[in-house]
Amino acid sequence: MECVVQGIIETQCIKCIEVSKEILSTKASVLSKPSTHLQHVEALEILLQGLCGVHKERLRIHELCLKSGPNLGHVASEVRVLCDLEQPDPTWMVRHIGGAMRGSGADQISVLVRAMVESKVSKNVLRLFYALGYKLDHELLRVGFAFHFQRGASITVTVSSVNKMLKLHATDEAVPVTPGIQLVEVTALASSENYTEVAAAVSSFCEYLAPLLHLSKPGTSTGVVSTAAAAAASLMSHVRCRGYNMIEETLNCKMVGKILY
(Lines give C-alpha, C1' and ligand atoms only; values in the text may rest on other atoms or scores of the structure.)
Protein backbone atom coordinates (compact mmCIF):
# COMPACT_ATOMS: atom_id res chain seq x y z
CA MET A 1 0.00 0.00 0.00
CA GLU A 2 1.00 3.63 -0.20
CA CYS A 3 0.35 6.97 1.50
CA VAL A 4 -0.30 9.83 -0.90
CA VAL A 5 -1.23 13.52 -1.05
CA GLN A 6 -1.55 15.77 -4.08
CA GLY A 7 -1.65 19.45 -4.92
CA ILE A 8 -1.18 21.87 -7.80
CA ILE A 9 1.22 24.71 -8.42
CA GLU A 10 1.16 27.44 -11.04
CA THR A 11 3.90 27.63 -13.64
CA GLN A 12 3.00 31.10 -14.87
CA CYS A 13 5.40 33.82 -13.89
CA ILE A 14 4.75 35.53 -10.58
CA LYS A 15 5.17 39.28 -10.22
CA CYS A 16 8.04 39.59 -7.83
CA ILE A 17 9.57 42.38 -9.87
CA GLU A 18 11.83 43.84 -7.19
CA VAL A 19 13.40 40.47 -6.35
CA SER A 20 13.66 39.58 -10.02
CA LYS A 21 15.57 42.76 -10.82
CA GLU A 22 18.00 42.06 -8.00
CA ILE A 23 18.62 38.52 -9.19
CA LEU A 24 19.02 39.54 -12.82
CA SER A 25 21.44 42.29 -11.89
CA THR A 26 23.95 39.60 -10.92
CA LYS A 27 25.48 37.04 -13.24
CA ALA A 28 25.04 34.26 -10.69
CA SER A 29 21.33 33.75 -11.23
CA VAL A 30 19.90 30.63 -9.61
CA LEU A 31 17.48 30.17 -12.47
CA SER A 32 18.41 27.84 -15.27
CA LYS A 33 17.10 30.38 -17.81
CA PRO A 34 17.16 34.16 -17.34
CA SER A 35 13.70 35.63 -16.89
CA THR A 36 12.22 38.92 -15.80
CA HIS A 37 9.93 37.08 -13.40
CA LEU A 38 10.17 34.14 -11.01
CA GLN A 39 8.14 30.98 -11.23
CA HIS A 40 6.47 29.08 -8.41
CA VAL A 41 7.71 25.72 -9.64
CA GLU A 42 11.33 26.88 -9.72
CA ALA A 43 11.11 28.07 -6.12
CA LEU A 44 9.55 24.72 -5.16
CA GLU A 45 12.39 22.86 -6.88
CA ILE A 46 15.02 24.81 -4.95
CA LEU A 47 13.16 24.26 -1.68
CA LEU A 48 12.92 20.52 -2.34
CA GLN A 49 16.60 20.40 -3.27
CA GLY A 50 17.49 21.84 0.12
CA LEU A 51 15.01 19.81 2.16
CA CYS A 52 15.76 16.47 0.52
CA GLY A 53 19.53 16.80 0.19
CA VAL A 54 19.53 14.87 -3.10
CA HIS A 55 19.50 15.78 -6.76
CA LYS A 56 16.32 15.64 -8.79
CA GLU A 57 15.58 13.00 -11.40
CA ARG A 58 13.97 14.02 -14.67
CA LEU A 59 10.70 12.35 -15.59
CA ARG A 60 9.06 11.66 -18.92
CA ILE A 61 6.49 8.98 -18.20
CA HIS A 62 4.16 7.60 -20.85
CA GLU A 63 1.14 6.31 -18.95
CA LEU A 64 -1.52 4.07 -20.51
CA CYS A 65 -4.73 3.34 -18.62
CA LEU A 66 -6.27 -0.03 -19.50
CA LYS A 67 -9.72 -1.23 -18.48
CA SER A 68 -11.02 -4.76 -18.52
CA GLY A 69 -13.66 -5.90 -21.00
CA PRO A 70 -16.94 -7.68 -20.18
CA ASN A 71 -15.31 -11.08 -20.64
CA LEU A 72 -13.31 -10.51 -17.44
CA GLY A 73 -16.29 -10.08 -15.14
CA HIS A 74 -18.97 -7.58 -14.21
CA VAL A 75 -16.69 -5.52 -11.97
CA ALA A 76 -14.39 -3.36 -14.07
CA SER A 77 -10.67 -3.67 -13.45
CA GLU A 78 -8.16 -0.94 -14.23
CA VAL A 79 -4.39 -1.15 -14.59
CA ARG A 80 -1.84 1.42 -15.63
CA VAL A 81 1.16 0.65 -17.79
CA LEU A 82 4.00 3.13 -17.49
CA CYS A 83 7.09 3.59 -19.60
CA ASP A 84 9.90 5.89 -18.46
CA LEU A 85 11.02 7.52 -21.71
CA GLU A 86 13.74 9.50 -19.95
CA GLN A 87 15.85 6.37 -19.50
CA PRO A 88 18.37 5.42 -22.22
CA ASP A 89 16.72 2.01 -22.27
CA PRO A 90 13.04 2.73 -21.48
CA THR A 91 11.72 0.64 -18.60
CA TRP A 92 8.15 -0.60 -18.27
CA MET A 93 6.02 -0.93 -15.14
CA VAL A 94 2.48 -2.12 -14.49
CA ARG A 95 0.58 -0.55 -11.58
CA HIS A 96 -2.76 -1.39 -10.01
CA ILE A 97 -4.26 1.09 -7.54
CA GLY A 98 -6.87 -0.39 -5.24
CA GLY A 99 -9.37 1.10 -2.86
CA ALA A 100 -8.58 3.59 -0.14
CA MET A 101 -8.61 2.71 3.53
CA ARG A 102 -11.93 3.56 5.17
CA GLY A 103 -13.25 4.05 8.65
CA SER A 104 -12.59 6.37 11.57
CA GLY A 105 -8.86 5.70 11.43
CA ALA A 106 -8.65 6.87 7.83
CA ASP A 107 -10.64 10.02 8.57
CA GLN A 108 -8.25 11.05 11.32
CA ILE A 109 -5.13 11.18 9.14
CA SER A 110 -4.41 13.85 6.54
CA VAL A 111 -3.06 11.52 3.84
CA LEU A 112 -4.80 8.92 1.72
CA VAL A 113 -3.82 5.33 2.46
CA ARG A 114 -4.64 2.98 -0.41
CA ALA A 115 -3.72 -0.39 -1.80
CA MET A 116 -1.14 -0.28 -4.58
CA VAL A 117 0.79 -2.99 -6.40
CA GLU A 118 3.38 -2.41 -9.09
CA SER A 119 5.95 -4.52 -10.89
CA LYS A 120 8.51 -4.26 -13.64
CA VAL A 121 7.40 -5.85 -16.90
CA SER A 122 8.76 -6.42 -20.38
CA LYS A 123 8.04 -4.13 -23.32
CA ASN A 124 5.47 -6.53 -24.81
CA VAL A 125 3.16 -6.10 -21.79
CA LEU A 126 0.54 -4.23 -23.84
CA ARG A 127 0.19 -7.18 -26.16
CA LEU A 128 -0.45 -9.42 -23.13
CA PHE A 129 -3.16 -7.20 -21.65
CA TYR A 130 -4.89 -6.79 -25.01
CA ALA A 131 -4.92 -10.59 -25.36
CA LEU A 132 -6.50 -10.86 -21.89
CA GLY A 133 -9.34 -8.58 -22.95
CA TYR A 134 -8.20 -5.21 -21.63
CA LYS A 135 -8.77 -2.11 -23.76
CA LEU A 136 -6.97 1.23 -23.85
CA ASP A 137 -9.08 3.86 -22.07
CA HIS A 138 -6.72 6.83 -22.29
CA GLU A 139 -3.03 7.71 -22.24
CA LEU A 140 -1.04 10.54 -20.74
CA LEU A 141 2.48 11.92 -20.78
CA ARG A 142 3.86 13.23 -17.50
CA VAL A 143 6.90 15.49 -17.83
CA GLY A 144 8.78 16.93 -14.88
CA PHE A 145 11.10 15.88 -12.08
CA ALA A 146 11.16 13.82 -8.90
CA PHE A 147 13.05 13.67 -5.60
CA HIS A 148 13.55 10.36 -3.75
CA PHE A 149 14.76 10.61 -0.16
CA GLN A 150 14.50 9.26 3.38
CA ARG A 151 12.79 11.34 6.07
CA GLY A 152 11.07 9.11 8.58
CA ALA A 153 9.99 7.00 5.59
CA SER A 154 11.06 6.47 1.99
CA ILE A 155 9.32 9.45 0.34
CA THR A 156 8.99 10.47 -3.30
CA VAL A 157 7.96 13.94 -4.46
CA THR A 158 7.03 14.36 -8.13
CA VAL A 159 6.30 17.63 -9.92
CA SER A 160 4.99 17.20 -13.43
CA SER A 161 2.81 18.60 -16.17
CA VAL A 162 0.09 16.23 -17.37
CA ASN A 163 -0.25 16.04 -21.14
CA LYS A 164 -2.71 14.27 -23.41
CA MET A 165 -2.02 12.65 -26.76
CA LEU A 166 -3.80 13.97 -29.84
CA LYS A 167 -2.92 10.79 -31.71
CA LEU A 168 -2.44 7.23 -30.47
CA HIS A 169 0.96 6.90 -28.72
CA ALA A 170 2.13 10.23 -30.23
CA THR A 171 4.15 11.40 -27.22
CA ASP A 172 6.02 14.00 -29.26
CA GLU A 173 2.72 15.75 -30.03
CA ALA A 174 1.34 15.75 -26.50
CA VAL A 175 -0.34 18.93 -25.26
CA PRO A 176 -0.97 20.04 -21.65
CA VAL A 177 -4.27 19.05 -20.09
CA THR A 178 -4.19 22.11 -17.81
CA PRO A 179 -1.77 24.72 -19.23
CA GLY A 180 0.05 26.71 -16.56
CA ILE A 181 -0.58 24.12 -13.83
CA GLN A 182 1.65 21.30 -12.61
CA LEU A 183 0.69 18.38 -10.40
CA VAL A 184 2.66 17.83 -7.20
CA GLU A 185 2.41 14.41 -5.58
CA VAL A 186 4.01 13.14 -2.37
CA THR A 187 3.97 9.36 -1.94
CA ALA A 188 5.51 6.81 0.41
CA LEU A 189 5.27 3.03 0.43
CA ALA A 190 3.73 1.56 3.56
CA SER A 191 2.40 -1.68 5.00
CA SER A 192 -0.52 -2.61 7.19
CA GLU A 193 1.86 -2.59 10.17
CA ASN A 194 3.51 0.81 9.70
CA TYR A 195 1.12 2.98 7.66
CA THR A 196 0.41 5.20 10.68
CA GLU A 197 4.09 6.10 11.07
CA VAL A 198 4.53 6.57 7.31
CA ALA A 199 1.46 8.82 7.10
CA ALA A 200 2.83 10.92 9.96
CA ALA A 201 6.19 11.26 8.18
CA VAL A 202 4.48 12.40 4.97
CA SER A 203 2.30 14.89 6.84
CA SER A 204 5.28 16.28 8.71
CA PHE A 205 7.26 16.81 5.52
CA CYS A 206 4.34 18.46 3.73
CA GLU A 207 4.16 21.16 6.41
CA TYR A 208 7.34 22.70 5.00
CA LEU A 209 5.78 23.01 1.55
CA ALA A 210 2.59 24.63 2.83
CA PRO A 211 3.58 28.24 2.00
CA LEU A 212 3.93 27.25 -1.68
CA LEU A 213 1.05 24.83 -2.19
CA HIS A 214 -1.85 22.97 -0.61
CA LEU A 215 -1.43 19.20 -0.36
CA SER A 216 -4.43 17.02 0.39
CA LYS A 217 -5.93 13.61 -0.31
CA PRO A 218 -6.45 12.88 -4.03
CA GLY A 219 -9.90 13.95 -5.13
CA THR A 220 -10.02 16.85 -2.67
CA SER A 221 -9.57 20.09 -4.60
CA THR A 222 -7.85 22.82 -2.57
CA GLY A 223 -6.68 25.12 -5.36
CA VAL A 224 -3.62 27.35 -5.42
CA VAL A 225 -2.29 28.69 -2.11
CA SER A 226 -2.54 32.48 -1.75
CA THR A 227 0.88 32.84 -0.11
CA ALA A 228 2.79 31.17 -2.97
CA ALA A 229 4.02 34.39 -4.60
CA ALA A 230 5.32 35.89 -1.37
CA ALA A 231 6.89 32.62 -0.23
CA ALA A 232 8.62 32.11 -3.58
CA ALA A 233 9.95 35.67 -3.54
CA SER A 234 11.27 35.27 0.00
CA LEU A 235 12.96 31.98 -0.79
CA MET A 236 14.54 33.22 -4.00
CA SER A 237 15.77 36.38 -2.30
CA HIS A 238 17.41 34.26 0.40
CA VAL A 239 19.04 32.06 -2.24
CA ARG A 240 20.35 35.15 -4.04
CA CYS A 241 21.91 36.47 -0.86
CA ARG A 242 23.47 33.25 0.41
CA GLY A 243 24.15 31.33 -2.78
CA TYR A 244 22.50 28.22 -4.16
CA ASN A 245 25.23 25.83 -3.02
CA MET A 246 24.96 26.94 0.59
CA ILE A 247 21.17 26.51 0.51
CA GLU A 248 21.55 23.04 -0.95
CA GLU A 249 24.04 21.97 1.70
CA THR A 250 22.64 23.58 4.84
CA LEU A 251 18.90 24.14 4.40
CA ASN A 252 17.05 22.43 7.23
CA CYS A 253 13.59 22.54 8.78
CA LYS A 254 14.42 25.41 11.11
CA MET A 255 15.83 27.52 8.29
CA VAL A 256 12.81 26.83 6.08
CA GLY A 257 10.58 28.28 8.75
CA LYS A 258 12.67 31.45 8.94
CA ILE A 259 12.71 31.90 5.18
CA LEU A 260 9.07 31.24 4.33
CA TYR A 261 7.09 32.42 7.35
Side-chain angles (χ1 to χ4, degrees), residues 1-11 40-41 43-45 47-48 51-52 59 61 63 65 67 75-80 82 93-118 137-138 140 142-164 176-178 180-228 231 253 256 260:
M1 62 174 56
E2 68 175 356
C3 298
V4 56
V5 289
Q6 293 178 343
I8 58 173
I9 190 165
E10 290 181 314
T11 59
H40 295 184
V41 69
L44 176 61
E45 179 183 340
L47 177 59
L48 288 171
L51 286 171
C52 303
L59 296 177
I61 305 294
E63 179 178 315
C65 179
K67 291 189 176 181
V75 180
S77 173
E78 180 179 298
V79 296
R80 295 178 182 271
L82 305 99
M93 299 281 292
V94 62
R95 177 180 298 162
H96 172 69
I97 297 176
M101 187 178 72
R102 299 180 179 179
S104 58
D107 295 336
Q108 293 172 3
I109 57 179
S110 60
V111 308
L112 183 71
V113 181
R114 65 188 181 189
M116 190 278 294
V117 179
E118 66 178 11
D137 184 71
H138 64 272
L140 300 169
R142 300 180 185 271
V143 181
F145 58 87
F147 287 91
H148 306 278
F149 58 97
Q150 189 75 28
R151 184 183 283 270
S154 182
I155 299 176
T156 296
V157 181
T158 60
V159 182
S160 62
S161 60
V162 181
N163 305 272
K164 61 182 178 181
V177 175
T178 53
I181 295 291
Q182 292 205 12
L183 175 67
V184 181
E185 188 172 63
V186 182
T187 61
L189 294 179
S191 67
S192 57
E193 290 78 24
N194 73 346
Y195 73 85
T196 302
E197 291 79 8
V198 174
V202 172
S203 296
S204 177
F205 175 77
C206 290
E207 290 179 4
Y208 303 112
L209 307 182
L212 287 174
L213 75 159
H214 290 297
L215 289 163
S216 58
K217 297 179 181 180
T220 304
S221 177
T222 53
V224 177
V225 64
S226 60
T227 58
C253 300
V256 170
L260 296 182

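The heavy-atom pair separating Leu213 from Ile8 by the smallest distance is CB-O, 3.8 Å. Closest approach of Tyr208 to Leu47, counting heavy atoms only: O-CD2, 3.7 Å. Between Tyr195 and Cys3, the shortest heavy-atom contact is O-SG, 4.0 Å. The heavy-atom pair separating Val198 from Ala188 by the smallest distance is CG1-CB, 3.5 Å. Contact detail for Val5 and Pro218: the closest heavy-atom pair is CA-CD, 4.4 Å.
Lys217 places a side-chain N or O within 3.5 Å of a backbone atom of Ile109 that can act as its donor or acceptor partner. Judged purely by atom type and a 3.5 angstrom limit, His96 has no side-chain atom pairing as donor or acceptor with the backbone of Glu118. The main-chain N or O of Ala199 is found under 3.5 Å from a side-chain atom of Ser203 such that the two form a donor-acceptor pair.
The closest side-chain heavy-atom distance from Leu48 to Val159 is below 4.5 Å. Contact of the Leu44 side chain with the Leu209 side chain is registered, since non-hydrogen atoms from C-beta on lie closer than 4.5 Å. Contact of the Val113 side chain with the Met1 side chain is registered, since non-hydrogen atoms from C-beta on lie closer than 4.5 Å. With a 4.5 Å cut-off on side-chain heavy atoms, Leu51 and Phe147 do not count as touching. Looking at Gln6 and Leu215, their side chains never come closer than 4.5 Å, going by heavy atoms from C-beta outward. Within the 4.5 Å cutoff, side-chain heavy atoms of Pro176 are placed close to those of Asn163.
Between atom OG1 of residue Thr158 and atom NE2 of residue His148 there is a gap of 8.5 Å, rounded to the nearest 0.5 Å. To the nearest 0.5 Å, the span separating CD1 on Ile155 from SG on Cys206 amounts to 7.5 Å. In this structure, NE2 on His40 lies 15.0 Å from CD on Glu45, to the nearest 0.5 angstrom. Atom CD of Glu63 is separated from atom NE2 of His138 by 6.5 Å, given to the nearest 0.5 angstrom.
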- Taking it one step at a time, do Arg142 and Leu183 satisfy side-chain contact (heavy atoms from CB on, under 4.5 Å)? CA-CA 9 Å; Arg142 300 180 185 271; Leu183 175 67; 3.6 Å; yes
- Item | Thr178 and Val162: CA distance, side-chain angles, deciding distance, side-chain contact (heavy atoms from CB on, under 4.5 Å) verdict | CA-CA 7 Å; Thr178 53; Val162 181; 5.7 Å; no
- Give the C-alpha distance, both sets of side-chain angles, the deciding distance and a yes or no for side-chain contact (heavy atoms from CB on, under 4.5 Å) between Asp137 and Glu78. CA-CA 9 Å; Asp137 184 71; Glu78 180 179 298; 5.7 Å; no
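Checked options Ile97, Thr187, Val4; the residue passing with Met116 is Ile97 (criterion: side-chain contact (heavy atoms from CB on, under 4.5 Å)).
Shown here are the salt bridge (charged side-chain N to carboxylate O under 4.0 Å, His left out) partners of Glu185, two or more places apart in sequence or in another chain: there are none.
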